[in-house]
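Chain naming here is simple, since letters A, B, ... match the order of the sequence lines and numbering starts at 1 in each.
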Protein chains: 4
Amino acid sequence: MPLSPVSEAPPTDTHTRRLRRKDARPGELLAAALDLFVDKGFAATRVEEVATLAGVSKGTLFLYFSSKEELFKAEVREHISGRFAQWSEEIEHFEGNSQEMLRYCLNCWWERIGATKASGIPKLMMSEARNFPELAAFYQQEVIQPGSALIARVLQRGVDRGEFRPMDLKYAVYMVLAPLLFLTTWTHSLGTCCDPASQIEPEHYLAMQLDMLLRGFSTTSAPPGAGLS
Amino acid sequence: MPLSPVSEAPPTDTHTRRLRRKDARPGELLAAALDLFVDKGFAATRVEEVATLAGVSKGTLFLYFSSKEELFKAEVREHISGRFAQWSEEIEHFEGNSQEMLRYCLNCWWERIGATKASGIPKLMMSEARNFPELAAFYQQEVIQPGSALIARVLQRGVDRGEFRPMDLKYAVYMVLAPLLFLTTWTHSLGTCCDPASQIEPEHYLAMQLDMLLRGFSTTSAPPGAGLS
Amino acid sequence: MPLSPVSEAPPTDTHTRRLRRKDARPGELLAAALDLFVDKGFAATRVEEVATLAGVSKGTLFLYFSSKEELFKAEVREHISGRFAQWSEEIEHFEGNSQEMLRYCLNCWWERIGATKASGIPKLMMSEARNFPELAAFYQQEVIQPGSALIARVLQRGVDRGEFRPMDLKYAVYMVLAPLLFLTTWTHSLGTCCDPASQIEPEHYLAMQLDMLLRGFSTTSAPPGAGLS
Amino acid sequence: MPLSPVSEAPPTDTHTRRLRRKDARPGELLAAALDLFVDKGFAATRVEEVATLAGVSKGTLFLYFSSKEELFKAEVREHISGRFAQWSEEIEHFEGNSQEMLRYCLNCWWERIGATKASGIPKLMMSEARNFPELAAFYQQEVIQPGSALIARVLQRGVDRGEFRPMDLKYAVYMVLAPLLFLTTWTHSLGTCCDPASQIEPEHYLAMQLDMLLRGFSTTSAPPGAGLS
DNA sequence: CATGAATGAGTATTCATTCAT
DNA sequence: TATGAATGAATACTCATTCAT
């Protein structure tokens, strides 16, 4: 650059920097907000903190997100619901038996959600749903429903191919969901303050849950008798 | 007044009544608080509502509980701790195979916690633990650890008697815990705002979870292969 | 008091003072609010200023008035609409001809509204109506409509008794209203900053307006020909 | 660029167009501002709306008007001052009796101010004068005083020609002014939110006010007795 | 001349907690 | 012991104005 006497670079660069800033802002704000939301909860996080952490002023945040709730929604879209399309695609083209498919799903969930900061989002929703009904409804529609449908498809495929025993799909979905959501909830709440001996090692935990699910869904699994008396 | 000896009886009586009331107050307040905390969440419950529901004034509540948080702690002590002794006793003398024993345990949990207002307490703990570390530690010691020990004993008995396959006890406990805690968390959060079609029917849910556990713990259960890759 | 060994007076007095304070608060707040509203307008007046001027904290104001708008409504009721019942009564029992009656009405308006701080209220409404539609609707219902009805009754009586010529009542009401509302509006706006020579002397102004009205309503008044071409 | 003689024409042209635009801008902005101020009031109009409506960016507006208040002042100058010269001229050469002259004046006011968007300006002045003393003084000098003088001349002419009874000119001017200013104030405030039944039909209202004035100013008008007691 | 991204001061309302009675 | 009047900290969102480009 210093070797280039024509002063074309600076203006271009400047302009680019401006545009880049504007394009970068939402991402910077989302990153800051995720940190704070996960750490302190939705209600306890002040928008000004988010802005400051992102290096802008309060007003600027509202230039990109019309409200605190919209900021949270954007977070959800960015990290969770925006990925369903790809996931759905992957599921569609998965080759292999359904046991492997289920393992693959949990794997993906762990790598893309569970092991990342985004794992705080489901926990957040469980904690704040009561106080922010609009967010809860949004999360239901954008996450819970498509997510459940995804799991249901996997299970249905297993049944169809004779790899899983026939099952009540609606509740079977909860069999898969419960361990995952419990993990995030636990990890971000009581799990942070228990003695090291009872810390959950997430990958071990997930492996065992997967093991239980596959045993339970297996066609050779022996029905243990009547349910809850 | 000091010159009027006859006016002593009424005061005494009044005093007695007062004392009696004073003894009853904490319980009345705890009952009122449980109703409201479970119904509206911790943050959304105003102490004045609690006081009003308990039939006293706002100021009186602070005579018995030094803060809203202390009221919450007292709630935990009242409704969760203290039941383990009896439960442990029952487990000790249970006769029957371990499948039935596990079913019995879930049954008890459902009847005594899950189906009662006290089911809101674990959910509250999960939500507030992060902003309430001291209470979280307390809950760990007083509830989570004895509860886990109880479950561990049941599972160990099954293994010892050859009714359950050998297992990693620490994580097996979470296999049992996760479905229960997920149920209370879900029921008191997102479960309140989802379309009726996806409502969980708790007894059906528990029956299926028990079914999964028993299949998974069964000695005849086929190991499905490697864990999470 | 120091001569009275029985300590009955102090408690009574104290209790009385307490009650008196509580009873006095709304009035103190209304007085403070009127001063500020008239001086700075509704929007430009901060509730904290009102509270401070009344010698209480911000929170206390909201103990007595649920919102800033409610505070304003109370002001209107206190000074304007709360007086219509009595006025209506007086009108009903007025003895004398309708010319005297109209003069009496303007007189009352001047003494009870025009010459007091309450004269700022109508001006306030005219200024802020657009930005506070709910207040405007309230004022319409509580002040404009009953006020117009009152004037209409006076005029109708004059017509019925043959003391005023027949007239279009709806617009005749505005003939009476316009000079009064103009006076308050002018006085509290441009009138505050004009050279002394053009200051309006309100009583003279009102006398002349009354004179015009009586001439105009007179049965012997000569119709001046067609209206606006 | 300096080496390219042919490229001068376009720049010149561009420059010319720019200048022309520059000259047109204030007018475009004033027109846009009048629309919005009259429609939504001063406070509720955002400068960005004005700029957008005028087809420029927010920043550009501040190139021509140093503040929102200055924009308002410019509005007053543009639409009210400067018309008095012509009006005065017309008055000077009016032929006909003074009744017709007064009718002509109200007519002109209605057509040029009352019925146009400019009718919002006097209302804005009344509303904002208190928080805007400098503008109030300006309005007094530039609008109120010449306007009053105009009216005074008409009335004086009537008295001189024996067509109006002798009167206190200063206050008689307010007899004429009050109905007009009340109309604009009312129309732009409470008039916008009252039930249709009490809507003022401006031309009917003005005709009746003129009728009242002419009756009151008539030489045959019977004096109704003493003024305000 | 023109832009529009960024700024940050300004404010009504709630509610846990206190304390004079 | 009981009351309830009083407190005041705490927070999302708007919009006139600026200034780097």
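Identified under the side chain to side chain donor-acceptor pair (under 3.5 Å) test for residues 35-46 of chain B, with sequence neighbours left out: Asp35(B)-Lys117(B), Lys40(B)-Glu49(B).
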Report all side-chain donor-acceptor pairs from residues 124-131 of chain B shorter than 3.5 Å, counting only partners two or more places apart or in another chain.
from: Ser127(B); atom 1: OG; to: Lys123(B); atom 2: O; distance (Å): 3.2
from: Ser127(B); atom 1: OG; to: Lys123(B); atom 2: NZ; distance (Å): 3.3
from: Arg130(B); atom 1: NH1; to: His188(A); atom 2: O; distance (Å): 3.0

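Judged by distance alone, with hydrogens and angles left aside, Lys58(C) brings no side-chain donor or acceptor close enough to the base of dT7(F) to form a pair under 3.5 Å. At a cut-off of 3.5 angstrom, the base of dT13(E) holds no donor-acceptor pair with the side chain of Lys68(C).
Close to dT1(F), at under 4.0 Å from its OP1 or OP2, lies no side-chain N or O of Arg25(B). For Tyr64(B), a side-chain nitrogen or oxygen approaches OP1 or OP2 of dA2(F) to under 4.0 Å.
For the side-chain contact (heavy atoms from CB on, under 4.5 Å) test, residues two or more places apart in sequence or in another chain that qualify with Phe138(C) are Lys73(C), Val76(C), Arg77(C), Glu142(C). In this structure Glu48(A) satisfies the salt bridge (Lys or Arg N to Asp or Glu O under 4.0 Å) test with no other residue, sequence neighbours excluded. Qualifying side-chain contact (heavy atoms from CB on, under 4.5 Å) partners for Glu69(C), counting only residues two or more places apart in sequence or in other chains: Phe42(C), Ser67(C), Phe132(C), Glu134(C), Leu135(C). In terms of the side-chain hydrogen bond (donor to acceptor under 3.5 Å, both in side chains) criterion, residue partners of Thr60(A) (sequence neighbours excluded) are, by chain and number, Ser57(A).
Rounding to whole angstrom units, CD of residue Glu70(D) and P of dT18(F) are separated by 13 Å. Rounded to a whole Å, the CZ atom of Phe72(C) is 17 Å from the C1' atom of dA12(E). In this structure, Glu49(D) atom CD and dT14(F) atom C1' are separated by 13 Å, rounded to whole Å. The interatomic distance linking Phe65(D) (CZ) with dA2(E) (C1') rounds to 16 Å, in whole Å. Summarising the geometry, the separation between CG on Leu71(B) and C1' on dT17(E) is reported as 14 Å, rounded to the nearest angstrom. Between Phe62(C) atom CZ and dA9(F) atom P the separation is 16 Å, expressed in whole Å. Distance Leu29(C) CG to dT13(E) P: 14 Å, rounded to the nearest Å. As a whole-Å value, the separation of Leu61(C) CG from dT11(E) C1' is 13 Å.
Checking dT17(F), dA12(F), dA12(E) against every side-chain atom of Ser67(D), the shortest atom distance belongs to dT17(F). Of the candidates dT7(E), dC13(F), dT7(F), the closest approach to any side-chain atom of Val56(C) belongs to dT7(F). Among dG4(E), dA9(E), dA2(F), the nucleotide with an atom closest to any side-chain atom of Thr60(B) is dA2(F). When distances run from any side-chain atom of Leu63(B) to the nucleotides dT3(F), dA16(F), dT3(E), the shortest one goes to dT3(F).
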For Watson-Crick and G-U wobble pairs within 3.5 Å on both distances, what is DNA chain F written in dot-bracket notation, | included for inter-strand pairing?
.||||||||||||||||||||
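Side-chain atoms of Val47(D) and Phe62(D), non-hydrogen and from C-beta on, do get closer than 4.5 Å to each other.
Put simply, the side chain of Glu75(C) gets close to the backbone of Leu34(C): a donor and an acceptor are under 3.5 Å apart.
Shown for residues 33-47 of chain D: residues whose heavy atoms fall under 4.0 angstrom of DNA chain F, namely Thr45(D), Arg46(D), Val47(D).
The line from OH of Tyr64(C) to CG of Leu29(C) is 8.0 Å long, rounded to the nearest 0.5 Å. Remark: Phe37(B) CZ to Leu30(B) CG distance equals 9.5 Å, nearest 0.5 Å.
Projected onto DNA chain F by closest heavy-atom contact, Gly59(B) and Ser66(D) fall at different nucleotides, the more 5' of which corresponds to Gly59(B).
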